[in-house]
Amino acid sequence: MRLLLLILLCLPAWAVAKELPINTRLGGDFELASTVPEQNRLSAFKGKVVLLNFGFTMCPDVCPMVLTRMSKALGELGKDRAKVQPLFITFDPERDTVQRLTEYLRYFGEDFVGMTGTPEQIAQVTKQYGVVYLPQKSDSAAGTMFAHSDYIYLLDQQGRVRALFSTRDSIDDMVDAIESLL
Amino acid sequence: MKRLLLLALLLSGCASWTQTQSRLSVEDGWVRLMPPVAPNSAAYFTLNNQGKTAVDLIAVESDVAGVLELHTIVEEGELRRMQQLQKVTVPAQGIVQFKPGSYHVMLIGLKKPLQENQIVPFTLRFASGESLAVSLPVKQDGEGKHAHH
Ligand SMILES: [Cu+2]
């Protein structure tokens with residue numbers, strides 16, 4: 001059963017018909033501390049397509065790779081980029097403050113918005129989106145790292161989840177899926 | 001004649017891979033440019049072993065960060081977990097690719113933020129006692145198509 005779920009989750013967006021299905025299992029509005037104070041909830045982006053990703057700034061490999069993929073996909077959109085909002089939510093609120101997220105995300109694009117919150121708020125929003133993150137104890141000098149899922153969520157203009165992208169999906173497939181909503 | 005030419009081409013290719021005459025060489029290497037606020041980064045490369053026996057990479061050294069560790073990413077269902085490794089074995093006449101989402105040299109505690117196109121010197125140390133000096137450029141993304149920022 002779990003395997004089936006996994007296979008379904010991993011289906012690339014383009015494998016589905018042109019019209020992206022609405023994922024009714026995941027999603028929903030949330031309110032968090034934001035790098036742009038007036039944009040502190042998902043519904044603040046109503047009317048825009050949202051690319052949403054969860055991660056943490058101490059992450060040296062997977063998170064910057066996924067954010068770079070988001071940045072690349074946005075870069076392919078040309079004029080339509082303004083219709084798409086990149087959003088990053090940390091699941092490491094103890095270390096990732098609003099200030100830290102501001103400095104971190106600027107590097108991936110001026111339009112990236114970051115959100116953080118209390119551990120309880122983060123637990124709630126990650127649950128809504130089916131994000132898994134587990135702090136790892138290890139001997140590594142890196143300190144606390146997280147084992148985590150790393151999907152990019154494509155949300156439509158009403159904030160509904162329309163696709164999940166894994167790192168196996170190509171940038172072109174992501175761009176096609178985004179454009180299908182514009 | 002054709003064969004000789006091919007051999008010459010191959011040889012000249014090999015020579016440019018590495019600064020040493022060693023059986024070990026590194027190609028396509030890069031270090032991830034990170035936002036200045038991020039304390040950690042990662043280095044990637046293809047490690048090539050032309051020798052007839054396997055080699056174990058056991059450490060990587062560089063002055064740019066407090067600690068360097070060998071890591072890989074383990075996939076467990078939907079989860080990706082970073083795992084520290086004591087060694088990475090390169091098979092005889094084989095390669096190991098260090099790349100995003102897989103093997104990487106983790107740079108922990110950068111002494112100062114890396115700059116784009118900065119060249120970072122590393123020393124790779126092997127269980128055999130061999131070592132290999134390599135210099136890798138700092139890039140935003142070593143995987144083609146540039147991100148816009
Ligand atoms: Cu690592």
Side-chain angles (χ1 to χ4, degrees), chain A residues 2-3 5-6 9-10 56-77 81 95-96 99-112 130-134 136 138-143 145-151 164 166-168 171-172, chain B residues 30-44 59-60 64-86 97-110 113-116 138-149:
Chain A
R2 183 153 172 82
L3 187 70
L5 186 71
L6 217 83
L9 276 171
C10 294
F56 65 116
T57 67
M58 301 288 272
C59 173
D61 182 66
V62 172
C63 305
M65 167 176 68
V66 173
L67 284 169
T68 300
R69 285 167 53 79
M70 248 163 89
S71 194
K72 279 189 198 173
L74 290 164
E76 299 286 313
L77 293 173
R81 176 169 184 152
R95 290 182 291 191
D96 289 342
Q99 177 60 33
R100 191 180 175 83
L101 287 175
T102 302
E103 289 174 39
Y104 183 79
L105 291 172
R106 194 157 47 201
Y107 166 89
F108 295 97
E110 292 295 333
D111 50 353
F112 276 63
V131 177
V132 187
Y133 60 107
L134 303 169
Q136 299 289 297
S138 82
D139 297 333
S140 166
M145 291 282 141
F146 292 87
H148 61 96
S149 53
D150 56 20
Y151 293 109
L164 272 63
S166 82
T167 52
R168 289 184 187 84
I171 302 292
D172 288 344
Chain B
W30 59 290
V31 183
R32 187 183 289 286
L33 180 68
M34 289 289 282
V37 71
N40 304 326
S41 183
Y44 309 98
V60 179
V64 296
V67 178
L68 283 81
E69 294 177 351
L70 297 170
H71 283 194
T72 193
I73 303 288
V74 182
E75 287 191 46
E76 290 162 354
E78 290 177 80
L79 288 186
R80 305 252 207 137
R81 185 168 58 80
M82 195 157 68
Q83 186 183 321
Q84 189 181 355
L85 302 171
Q86 295 313 313
Q97 276 185 295
F98 287 66
K99 60 183 182 187
S102 177
Y103 291 110
H104 57 275
V105 176
M106 185 156 162
L107 282 59
I108 301 164
L110 293 169
L114 298 171
Q115 307 291 322
E116 188 157 24
V138 175
K139 292 186 191 180
Q140 189 178 32
D141 176 32
E143 300 187 294
K145 271 190 195 173
H146 259 263
H148 298 241
H149 68 124

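Here is the naming used below: chain letters follow the sequence lines, and residue numbers restart at 1 for every chain. Values reported hereafter were calculated over all heavy atoms of this structure, with side chains retained and with hydrogens, waters and symmetry mates removed.
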Report which part of [X] has an atom under 4.5 Å of a heavy atom belonging to chain B: side chain, backbone, both, or neither.
X         : result
Gln136(A) : side chain
Leu134(A) : side chain
Met145(A) : side chain
Thr57(A)  : backbone

Fit a plane to each ring of Tyr103(B) and Phe98(B), take the angle between them on a 0 to 90° scale, and name the class: parallel (under 30°), tilted (30 to 60°) or perpendicular (over 60°).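 Tyr103(B) vs Phe98(B) ring planes: tilted.
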
May I ask you to decide if the ring planes of Tyr133(A) and Phe146(A) are parallel, tilted or perpendicular, using 30° and 60° as cut-offs?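 Tyr133(A) and Phe146(A): tilted rings.
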
Compare all side-chain heavy atoms of Met106(B) with those of Val67(B) and state whether any distance is below 4.5 angstrom.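 With C-beta onward as the side chain, the pair stays apart.
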
Interatomic distance, Leu110(B) atom CG to Met34(B) atom CE [nearest 0.5 angstrom]: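 If we round to the nearest 0.5 Å, Leu110(B):CG and Met34(B):CE are 8.5 Å apart.
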
Compare every heavy atom of Met65(A) with every heavy atom of Arg32(B), then report the nearest pair and how far apart it is.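 Heavy atoms of Arg32(B) and Met65(A) come nearest at NH2-CB, 3.7 Å.
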
Between Pro60(A) and Asn40(B), which heavy-atom pair has the shortest distance, and what is it?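 Answer, listing the atom of Pro60(A) first, then Asn40(B): CB-CB, 4.1 Å.
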
Taking Ala42(B), Ser102(B), Gly101(B) one by one, which has the highest count of heavy-atom pairs under 4.5 Å against chain A?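 The candidate making the most pairs under 4.5 Å is Gly101(B).
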
Under 4.5 Å heavy-atom distance to chain A, tell me which part of Leu79(B) shows up: side chain, backbone, both or neither.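 Leu79(B) touches chain A through backbone and side-chain heavy atoms alike.
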
So which part of Glu75(B) gets closer than 4.5 Å to some heavy atom of chain A, the side chain, the backbone, both or neither?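 When you check distances to chain A, only side chain atoms of Glu75(B) fall under 4.5 Å.
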
Which one of Gly143(A), Ala73(A), Ala141(A) has the most heavy-atom pairs closer than 4.5 Å to chain B?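 So the answer, after comparing Gly143(A), Ala73(A), Ala141(A), is Ala141(A).
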
